[in-house]
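One structure below.
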There are 2 protein chains.
Amino acid sequence: MELQEGFIRYLKDNRYKQTKERLDLIGLLSNIKSHFDADGLYEKARTASITASRASVYRTIALLKKSGLLNESIRQDGKALYEISPGKQHHDHLICVNCGRIEEFTDDVIEKHQEQIGKKYNFLIKEHRLEIRGYCSRCRRP
Amino acid sequence: MELQEGFIRYLKDNRYKQTKERLDLIGLLSNIKSHFDADGLYEKARTASITASRASVYRTIALLKKSGLLNESIRQDGKALYEISPGKQHHDHLICVNCGRIEEFTDDVIEKHQEQIGKKYNFLIKEHRLEIRGYCSRCRRP
DNA sequence: ATATTTGCAAACGCTTTGCACAGAA
DNA sequence: TTCTGTGCAAAGCGTTTGCAAATAT
């Protein structure tokens, strides 16, 4: 809901047109909670009988990135995975190398400690990304 | 030095042939301290009048990854960046979004704290990757 | 009416691969 | 001699782009 409103406002504010494709895609995205890739969104659109070419999917994703409503979270097998930003605080990812499941977590200790690292290396931090790979609770051998 | 010996041993142990291309490339790599990409290595080879096709460069890199002598450290602009493993403890990266410089750092607090995260989420950690992006000491506005 | 957006297919950049020849064992 | 490795050029993959037609404003 918040996502659709945000996007429509962004389109208006920047004099982008509210095309059927853009509105349909953002509608689809409102129901996606987890991480998705461009082709996944395209396929989901086809299933929902939404006509939007792959090109439009990519272009809409690019627009959403610019608007700040969408984040490129991680890359997997050469593909970019996206996640919706609103209502999400910064978090990192636990990625299961066996089943591919992606779990999110937040950790204050690490979050805070990065500031120290920035100071130590005289580095002005804009963003950080921590990916932990291994076996999730379902896949780890007991 | 250690790298060349390690690679030659790996080739022997696995009955891979010691071809001119493989030996020349590993020789080049011994002089590379920092991160490099496949095409960078290919160009460096051409400059050094080493004849190795791009295909052989990629295949040699793949072999080095299998041997554990090379790590794919990060991805930048769709390209894989590699670094040589021997004699390197685990470290993370500070990446300047302005000049592209990559600085390595190690941090015990974060290193140790990951174990706790693993426990908390019942996740068997195999590896992790922390990338901090921002402005390096040279590029940050004062 | 007019400028933006679309779909298509071609182009892209990085990487991998099939094949016939070259070369290490 | 035999089997692996090479170079080349083509294919593969996710993504981007040029262009003419479609459409929101």
Side-chain angles (χ1 to χ4, degrees), chain A residues 4 7-28 35-46 48-67 70-83 100, chain B residues 4 7-28 35-46 48-67 70-83 100:
Chain A
Q4 304 187 52
F7 191 40
I8 290 172
R9 150 146 298 123
Y10 178 78
L11 293 177
K12 277 184 182 152
D13 290 353
N14 295 276
R15 298 204 179 63
Y16 289 124
K17 294 180 177 169
Q18 293 183 46
T19 66
K20 182 172 58 57
E21 290 78 5
R22 283 171 181 163
L23 297 176
D24 283 354
L25 288 174
I26 199 72
L28 265 188
H35 304 75
F36 66 95
D37 61 40
D39 208 58
L41 178 54
Y42 173 67
E43 287 304 337
K44 192 163 292 243
R46 314 210 86 214
S49 304
I50 285 173
T51 46
S53 66
R54 220 180 296 264
S56 286
V57 168
Y58 275 103
R59 287 190 272 229
T60 300
I61 288 175
L63 204 53
L64 282 162
K65 275 201 285 184
K66 278 213 309 191
S67 78
L70 205 71
N71 271 97
E72 189 175 321
S73 65
I74 65 171
R75 289 210 153 241
Q76 194 147 49
D77 312 319
K79 286 182 262 186
L81 294 193
Y82 306 95
E83 63 189 6
Chain B
Q4 304 187 53
F7 191 40
I8 290 172
R9 153 145 295 124
Y10 178 78
L11 293 177
K12 277 183 181 154
D13 290 352
N14 295 276
R15 298 205 179 63
Y16 288 124
K17 293 179 178 171
Q18 292 183 45
T19 65
K20 181 172 57 57
E21 290 79 5
R22 284 172 181 164
L23 297 175
D24 284 354
L25 288 173
I26 199 71
L28 266 187
H35 304 75
F36 67 95
D37 61 40
D39 207 59
L41 178 55
Y42 173 68
E43 287 305 336
K44 192 163 290 240
R46 313 209 86 214
S49 303
I50 285 174
T51 46
S53 67
R54 221 181 296 264
S56 285
V57 168
Y58 275 103
R59 286 191 271 231
T60 300
I61 287 174
L63 203 54
L64 282 162
K65 276 202 285 184
K66 278 213 309 190
S67 78
L70 205 72
N71 270 99
E72 189 174 321
S73 64
I74 64 170
R75 289 211 153 239
Q76 194 147 48
D77 312 318
K79 287 182 261 187
L81 295 193
Y82 305 95
E83 63 189 6

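The figures here come from the full heavy-atom set of this structure, side chains too, leaving out hydrogens, waters and symmetry mates. Naming: A, B, ... by sequence-line order, numbering from 1 per chain.
For B/Lys12, the NZ atom counts as loosely surrounded, since its 6.0 Å shell holds 12 or fewer non-hydrogen atoms of other residues, nucleotides or ligands. Atom NZ of B/Lys66 has 12 or fewer heavy atoms from other residues, nucleotides or ligands within 6.0 Å.
Atom CG of A/Asp39 and atom P of D/dT15 are 8 Å apart (whole Å). Rounding to whole angstrom units, CD of residue A/Glu72 and P of D/dG14 are separated by 15 Å. Put simply, CG on A/Asp24 is 14 Å from P on D/dT23, counting in whole angstrom units. Spacing between atom CG of A/Asp77 and atom C1' of D/dT15 amounts to 16 Å, rounded to whole angstrom units. Summarising the geometry, the separation between CG on A/Leu41 and P on D/dG14 is reported as 15 Å, rounded to the nearest angstrom. The separation between A/Leu81 atom CG and D/dT15 atom P is 9 Å, rounded to whole Å. In this structure, B/Glu21 atom CD and D/dT4 atom C1' are separated by 12 Å, rounded to whole Å.
Between A/Leu64 and A/Ile26 there is a side-chain heavy-atom pair separated by less than 4.5 Å. Under the 4.5 Å side-chain criterion, counting only non-hydrogen atoms from C-beta, B/Leu63 is in contact with B/Leu11. You'll find the side chain of B/Glu21 stays beyond 4.5 Å of the side chain of B/Thr60, heavy atoms only. Counting heavy atoms from C-beta outward, A/Leu25 and A/Ile61 have side chains that stay 4.5 Å or more apart.
Contacts between chain A and DNA chain C, taken as any atom within less than 4.0 angstrom of a protein heavy atom, begin and end at C/dA3 to C/dC8.
Within 4.0 Å of B/Lys17, counting heavy atoms only, lies at least one base atom of the nucleic acid.
Along DNA chain C, the nucleotide nearest to B/Arg75 and the one nearest to B/Gln18 differ in position, and the one closer to the 5' end is contacted by B/Arg75.
Remark: the backbone N or O of A/Asp39 is paired with a side-chain donor or acceptor of A/Asp37 at under 3.5 angstrom. One N or O on the side chain of B/Arg22 and one on the backbone of B/Lys17 form a donor-acceptor pair closer than 3.5 Å.
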Which atom pairs, one a donor and one an acceptor, fall under 3.5 Å between side chains of residues 72-80 of chain B and the rest of the protein, sequence neighbours left out?
from, atom 1, to, atom 2, distance (Å)
B/Glu72, OE1, B/Lys65, NZ, 3.3
B/Ser73, OG, B/Leu81, O, 3.3
B/Arg75, NH1, B/Gly78, O, 3.1

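Residues of residues 49-63 of chain A that place a heavy atom closer than 4.0 Å to DNA chain D, in numerical order, are A/Ala55, A/Tyr58, A/Arg59.
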